[in-house]
Amino acid sequence: MLDSKYLRSELAETAARQATRGFVLDVEKISALEEQRRELQVATQELQNQRNSKSKAIGQAKARGEDIAPLLAEVDGLGAELDRAKIQLDAVLAELDAIAATIPNLPDLSVPVGSDEHGNVEVRRVGSPRQFDFEVKDHVALGEALDKGLDFESAVKIAGSRFVVMKGQIARLHRALTQFMLDLHTEQHGYTEMYVPYLVNKDSLYGTGQLPKFGADLFHTQPATEEGVGMSLIPTAEVPVTNLARDRIYDLTELPVKMTAHTPCFRSEAGSYGRDTRGLIRQHQFDKVELVQLVHPSQSMAALEALTGHAEKVLQLLELPYRVMLLCTGDMGFGSCKTYDLEVWLPAQNTYREISSCSNMGDFQARRMQARFRPEEGKKPELLHTLNGSGLAVGRTLVAILENFQQADGSVAIPAALQPYMGGKTVIA
RNA sequence: GGAGAGAUGGCAGAGUGGUUUAAUGCACCGGUCUUGAAAACCGGCGAGGGUUAGUAGCCCUUCAAGAGUUCGAAUCUCUUUCUCUCCGCCA
């Protein structure tokens with residue numbers, strides 16, 4: 001959510017910057033509503049003021065034992081008038097809120113302008129794709145051949161498409177990756193490990209920006225109605241972890257807060273029919289190790305670089321070739337003001353595929369969830385900045401390991417950094 | 001799941017229809033005093049919003065959340081959420 005005062009005073013500027021995202025801001029409607037809001041709010045508060053002072057006068061008169069009938073006659077009709085004004089004001093406020101809640105974050109000025117992923121800029125490339133002297137298999141073929149370690153048929157029977165059953169060494173590799181990532185971030189990068197709920201309430205989804213606009217991307221325990229109190233499966237640990245800061249005021253000394261969590265993530269993938277239908281790339285349920293930081297506003301851009309580096313470190317230690325993309329205005333997520341995507345090399349697809357997305361949300365989420373810090377004892381609290389990134393998506397990392405470390409006989413070598421987590425095994429066959 | 005008790009500012013805690021403009025204490029901030037500190041004393045001290053050139057003043061909202069009764073609600077009524085105690089069940 002953008003600052004309503006800023007939106008009001010810099011409406012044209014905001015509209016121009018939103019346009020670079022391909023988002024059209026209805027300037028005329030907003031200014032018309034804003035004018036109504038101001039008139040109605042002033043009128044309503046004036047009526048409330050009258051009611052308060054007159055009610056108080058009645059109380060004082062009564063205490064003195066005077067006749068209060070004339071005073072009661074004076075307030076007659078005030079209540080009805082106030083009700084009318086309040087209904088009008090609430091309607092305008094609700095309309096303004098509904099618009100505000102659907103406006104994306106302003107892109108940072110360092111973000112390249114572009115309309116879609118073709119506008120993204122490659123920042124750096126690390127490692128080089130391995131040359132194979134045999135025909136590479138994709139992870140689906142490799143996983144099935146390894147004692148049905150990846151079993152999509154069974155998953156279809158149990159649940160449906162876009163699920164997987166893992167077995168034996170592949171299941172262990174999947175777990176090893178998770179443990180490896182958590183240990184790296186907690187021991188080397190200074191994050192605190194968190195265990196959080198996988199079901200969250202509506203307020204949390206609103207806080208991180210999934211609601212009101214993207215409810216269709218989630219699985220809900222009940223239809224998410226206006227009044228419904230149903231819970232939703234988390235699409236990412238970003239939701240529960242970032243919402244730990246909701247309605248909190250941190251001491252300056254507590255910042256930065258750096259948290260990591262391993263959770264399953266659940267996504268409906270509505271509207272992605274036919275895309276990535278084969279294999280582990282796009283699942284309804286996948287595991288992810290998430291990195292979240294809550295920082296002082298002046299530190300958030302530096303923190304984004306650091307956080308991205310923490311995610312990259314996983315790829316480096318796993319000896320996986322990757323590149324870093326700076327997303328352009330048109331390809332960024334709703335709440336982000338700057339995003340780096342990490343893309344890992346997948347030999348079977350002969351391309352780089354997204355494995356992590358690291359974003360600085362600025363104060364966008366913090367304003368929605370009133371996540372603040374006190375800059376100085378006795379001073380007013382200010383909004384902090386929130387960041388998050390995948391460190392990494394576990395399923396896609398498994399894909400990358402299988403494909404990049406495959407050998408001619410169909411076995412898969414284990415990167416040295418992972419071997420301690422695999423009971424010392426150097427290869428799975 | 002059953003029975004009961006609760007939810008008030010950073011914390012503790014008073015308040016059961018009208019000088020409550022939420023008492024008081026602790027913590028915190030400023031000052032007096034002091035070589036300095038402590039103590040004592042004096043003053044200040046929640047959050048969100050509106051108006052405005054304004055971090056001034058004035059005003060509105062806020063006592064778990066929502067709805068209601070009333071001229072007036074922290075206080076009365078209803079609903080919801082959460083916490084605690086006991087019982088049952090369970091990993």
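Each chain gets a letter, A, B and so on, in the order the sequences are listed, and its residues count up from 1.
Donor-acceptor pairing under 3.5 Å, judged by distance alone, is present between the side chain of Lys62(A) and the base of G18(B).
Nucleotides U75(B) and U21(B), compared at atom P, are 14 Å apart to the nearest Å. Going from the P atom of A27(B) to that of C42(B) covers 16 Å, rounded to whole Å. On the C1' atoms, A39(B) is 34 Å away from A47(B), given to the nearest whole Å. Remark: the separation of the P atoms in U24(B) and G43(B) is 11 Å, to the nearest Å. With C1' as the reference atom, A64(B) and U52(B) are 34 Å apart, rounded to whole Å. Nucleotides C84(B) and A74(B) are separated by 28 Å at their P atoms, to the nearest Å. Between U69(B) and A73(B), the two C1' atoms lie 10 Å apart (nearest whole Å). Taking the P atom of each, G46(B) and G88(B) are spaced 49 Å apart, rounded to whole Å.
Shown here is Glu254(A), whose CD atom has more than 12 heavy atoms of other residues, nucleotides or ligands within 6.0 Å.
For Asn52(A) and C71(B), the shortest distance from a side-chain N or O to OP1 or OP2 is not below 4.0 Å. Phosphate proximity of G50(B) to Arg8(A): present, with a side-chain N or O under 4.0 Å from OP1 or OP2. The shortest distance between the side-chain N/O atoms of Asn49(A) and the OP1/OP2 oxygens of C60(B) is below 4.0 Å. The side chain of Arg37(A) places no N or O atom within less than 4.0 Å of a non-bridging phosphate oxygen (OP1 or OP2) of G49(B). Checking the phosphate oxygens (OP1, OP2) of C45(B), no side-chain nitrogen or oxygen of Arg374(A) falls inside 4.0 Å. Between Arg51(A) and U61(B) there is a side-chain N or O to OP1 or OP2 distance below 4.0 Å.
Atom CG of Asp83(A) is separated from atom C1' of G68(B) by 12 Å (rounded to the nearest Å). At whole-Å resolution of the value, CD in Gln48(A) and C1' in A73(B) are 15 Å apart. Rounded to whole Å, the distance from CD on Glu39(A) to P on C60(B) is 21 Å. Between the P atom of G50(B) and the CG atom of Leu96(A) lies a distance of 12 Å, rounded to the nearest Å. Residue Asp90(A) contributes atom CG, which lies 17 Å from atom P of C60(B) at whole-angstrom precision. Whole-Å rounding puts the Arg367(A) CZ to A47(B) P distance at 18 Å. The interatomic distance linking Asp203(A) (CG) with G66(B) (P) rounds to 11 Å, in whole Å. Remark: C1' of C82(B) and CZ of Arg246(A) are 14 Å apart, rounded to the nearest angstrom.
Lys5(A) comes within 4.0 angstrom of sugar-phosphate atoms only, judged by non-hydrogen atoms across all strands, and of no base. Counting non-hydrogen atoms under 4.0 angstrom, Gln41(A) reaches the backbone sugars and phosphates but no base. Across all strands, Asp76(A) comes closer than 4.0 Å to no nucleic acid atom at all (heavy-atom distances).
A salt bridge between Asp251(A) and Arg374(A) is absent, with no side-chain N of the basic residue lying under 4.0 Å from a carboxylate O of the acidic one. In summary, Lys157(A) and Asp151(A) do not engage in a salt bridge, as defined by a charged side-chain N under 4.0 Å from a carboxylate O. By the 4.0 Å N-to-carboxylate-O rule, Arg38(A) lies too far from Glu35(A) to be salt-bridged with it. The residues Arg278(A) and Asp138(A) are annotated as salt-bridged, a charged nitrogen and a carboxylate oxygen being separated by less than 4.0 angstrom.
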Distance-only check: which donor-acceptor pairs under 3.5 Å involve side-chain atoms of residues 395-404 of chain A, not counting sequence neighbours?
from: Arg396(A); atom 1: NE; to: Ile281(A); atom 2: O; distance (Å): 3.0
from: Arg396(A); atom 1: NH1; to: Glu354(A); atom 2: O; distance (Å): 2.8
from: Arg396(A); atom 1: NH2; to: Ile281(A); atom 2: O; distance (Å): 3.0
from: Thr397(A); atom 1: OG1; to: Ala393(A); atom 2: O; distance (Å): 2.6
from: Glu403(A); atom 1: OE1; to: Ala348(A); atom 2: N; distance (Å): 3.3
from: Glu403(A); atom 1: OE2; to: His139(A); atom 2: N; distance (Å): 2.9
from: Glu403(A); atom 1: OE2; to: His139(A); atom 2: ND1; distance (Å): 3.1
from: Asn404(A); atom 1: ND2; to: Trp345(A); atom 2: O; distance (Å): 2.8
from: Asn404(A); atom 1: ND2; to: Ala400(A); atom 2: O; distance (Å): 2.8

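For Gln370(A), whose side chain is taken as the heavy atoms from C-beta onward, the closest listed nucleotide among U21(B), C60(B), G48(B) is G48(B). Residue Ser55(A) has its side chain nearest to C71(B) when only C60(B), C71(B), G48(B) are considered.
For Asn105(A) (side chain) and Met361(A) (main-chain N/O), a donor-acceptor pair under 3.5 Å exists by modelled atom type.
Between Ser232(A) and the choices Lys202(A), His220(A), Gln210(A), the side chain to side chain donor-acceptor pair (under 3.5 Å) rule is met once, by His220(A).
With Tyr250(A) as the aromatic partner, Arg248(A) meets the cation-pi criteria of under 6.0 angstrom to the ring centre and within 45 degrees of the ring axis.
With RNA chain B read from its 5' end, the first of the two nearest nucleotides for Ile58(A) and Val42(A) is the one closest to Val42(A). Residues Arg372(A) and Thr44(A) both approach RNA chain B. Their nearest nucleotides, taken by heavy-atom distance, put Arg372(A) toward the 5′ side.
In RNA chain B, stems built from 3 or more consecutive Watson-Crick or G-U wobble pairs, each with both distances under 3.5 Å, span B:1-7 with B:81-87, B:10-12 with B:24-26, B:28-32 with B:40-44, B:46-51 with B:57-62, B:64-68 with B:76-80.
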